[in-house]
Amino acid sequence: MRSQKANNFQLVIGLFLLGSGASKREMEVLAHAGLSISYTSITGHVKGLSKEGMARVREIVKTSMCQIVWDNLNIAFRVAAERLKAKNHFDNGTTGTVIPVFDPETGGHAAHGTLPFVMKPLRERTLPVLDWTAEDTLPSPQSAAELSSSCFWQLKRLALSHIPGVPAELKKQFEECPVVDQIPLHKSEQYPVPAMKLDESTLEGTLEVYITILRSMGLDDEALEAHGLMFDDGDLLTDSLKEKIESARRNSTTPIAGMRASVRRLGLFHGEMAGGRLTVNEHWGKPNSLWAGGLWWEHNKLLKRKPITAGWSGKKATPWKPAHELIHISLPAHIVDGFRIYCGQESLEAWAKTATMDEFDRVARIVSDKLFSTAAVEELRAKEASDRDITLENSILYNRDALFYIEFIHAIKKGDIGRVLNVLSIWMVMMRTPKTMPRYADAMFETLVRLKHFPPKLRQLFLANWLVNLTGRAYGFKPVDLLQEHQNSGRRSSTRQGHKQELGMARDDHRVHIHPARRDANRADCVQDSCIR
DNA sequence: ATGGCAAATTTCCCACAGTT
DNA sequence: AACTGTGGGAAATTTGCCAT
């Protein structure tokens, strides 16, 4: 009844089992029941798929332009009873992804050789030379105007979706955010490269990773030169390591070893995290301070969340995820309250039920001017010291800054890279603050200045491929470096004992890690056994 | 009915952490 | 102290399909 050949269904189940960390014996039981193919076949298929994927990459890179991204992957292996040869340890490796470059002009892949090496100026000095003028140190008037109008739109968007009683009709009338530089909707392809047991966190490691990825793409020096420039995203550390290699090997004549093809690009997910930390740290406030910060640390307590340490003086970096959520919860509340104050009626809900779009716009403008603008703060600060309301000033500054963050996140999802740039250019100034931020300020400044001097085609492709869209749906864009992080979390969760081989990592010992879910399942097995007996 | 072939499955081993 | 279970991989065996 069961067929060894017509086993598509069983194959899918088998791949699912492997992906969700089922144990070998579980897979075998299901294989015997006819629900899955055997364990050996599953691993065989995975290898086959991986081979197929790499073969496809090698094909594509011959005709299309590709970009690469890689990220460090650490998996913790825990041992309950440590022995001489069995310790708790981390396995450090690096995973990477190849992505064909999207060309907005054609709507398809950018052709191989579109960006010849000559488009990237030769490195002539040890230190990077940036051709900048005073006007590069501030956002341009146009950029500032665009940012203001986007932020005003965000304010209205949040108000519409959070104020109780807003009629559905009014929500429908609300138009999309003004477009600055939208990446056309498209579906990005991605091809993972085999995991490397290499640590990318050193100069040597970065170079090794780079060379390994290019080799697995089937590129040698000649082929790379024919391919032309290649974007590679990374965090600040990776970026600075690549920059150092470019400097140290500036006289190298071989494209791969001299990193001639590399066009460094600061990963926007890392920019997002820096921006979130910037906002929360700056407005966190101090417990028992005379003046509360705009983002009261008490908000976190109010929400009954796990206490976090934030603020510039913290020993550890502010955890990004809770910070991100906190802004998304707290800012809409500030906005709703702003409308409550300025709607001119006793009940905000009653006002909202009858408000027209014009009326809504009118109040939004007042809220924005009074509670979300630098001008409002300056007006308050001009008062006599005794009349000043520092708490209100702090709240307004928080409102303004948090809106930048919301705008950044929204622009990324939308795929409007022009709006992303506008936030970057204001953050470039704002991040000139304590701790690790000045390095982000520098990186953003460098990126913006480099972009300005790129040849038009290089600039266009750089921007249009800074974000990817795996689903091809509206609001489905995400930063390239986030894609890589997501890949890693997938690998981490499907990692089991012995599975290090699949990550391409050396198998130095057996039996080191049990997936938490597995442990529970095993326990459940035991209970069942004793019941049968 | 048979052989050839490839795919799928089964069997076996490793060797020690983990459990009772 | 006795016993169990672990994933990968090689080798052996079985199964399924096709052509003759």
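Naming: A, B, ... by sequence-line order, numbering from 1 per chain. Worth saying up front: this structure is predicted, and the values here are computed from it rather than measured.
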What integer distance in Å separates [X]:[atom1] from [N]:[atom2]?
{"X": "A:Q10", "N": "B:dT9", "atom1": "CD", "atom2": "P", "answer": "9 Å"}
{"X": "A:I37", "N": "B:dT9", "atom1": "CD1", "atom2": "P", "answer": "6 Å"}
{"X": "A:E28", "N": "C:dG9", "atom1": "CD", "atom2": "C1'", "answer": "13 Å"}
{"X": "A:L30", "N": "B:dA8", "atom1": "CG", "atom2": "C1'", "answer": "17 Å"}
{"X": "A:F9", "N": "B:dA8", "atom1": "CZ", "atom2": "P", "answer": "16 Å"}
{"X": "A:H45", "N": "B:dT9", "atom1": "NE2", "atom2": "P", "answer": "9 Å"}
{"X": "A:K24", "N": "C:dG9", "atom1": "NZ", "atom2": "C1'", "answer": "8 Å"}
{"X": "A:M27", "N": "C:dG9", "atom1": "CE", "atom2": "C1'", "answer": "15 Å"}

**Fill in**
The complete set of salt bridge (charged side-chain N to carboxylate O under 4.0 Å, His left out) pairs with one or both residues in residues 230-239 of chain A, sequence neighbours excluded, reads A:D232-A:K242, A:D233-A:R265, A:D239-A:R264

**Request:** Could you name each residue pair satisfying salt bridge (charged side-chain N to carboxylate O under 4.0 Å, His left out) that touches residues 209-230 of chain A, not counting sequence neighbours?
**Result:** none

**Request:** Using side-chain contact (heavy atoms from CB on, under 4.5 Å) as the criterion, list what pairs up with A:I13, not counting sequence neighbours.
**Result:** A:F9, A:L17, A:S36

**side-chain contact (heavy atoms from CB on, under 4.5 Å) partners of A:M428, counting only residues at least two apart** = A:M444, A:F445, A:L448

**Prompt:** What pairs with A:H410 under side-chain hydrogen bond (donor to acceptor under 3.5 Å, both in side chains), at least two apart in sequence or on another chain?
**Reply:** A:Q154, A:R419

**Sole candidate of A:K457, A:H186, A:H109 that passes side-chain hydrogen bond (donor to acceptor under 3.5 Å, both in side chains) when paired with A:D103** = A:K457

**Message:** Can you give me the bend angle of the helix from B:dA1-C:dT20 to B:dT20-C:dA1? Use the axis through the first five pairs and the one through the last five, nearest 10 degrees.
**Reply:** 50°

**Prompt:** Using a cut-off of less than 4.0 Å, is there contact between a side-chain N or O of A:T40 and OP1 or OP2 of B:dT9?
**Reply:** no

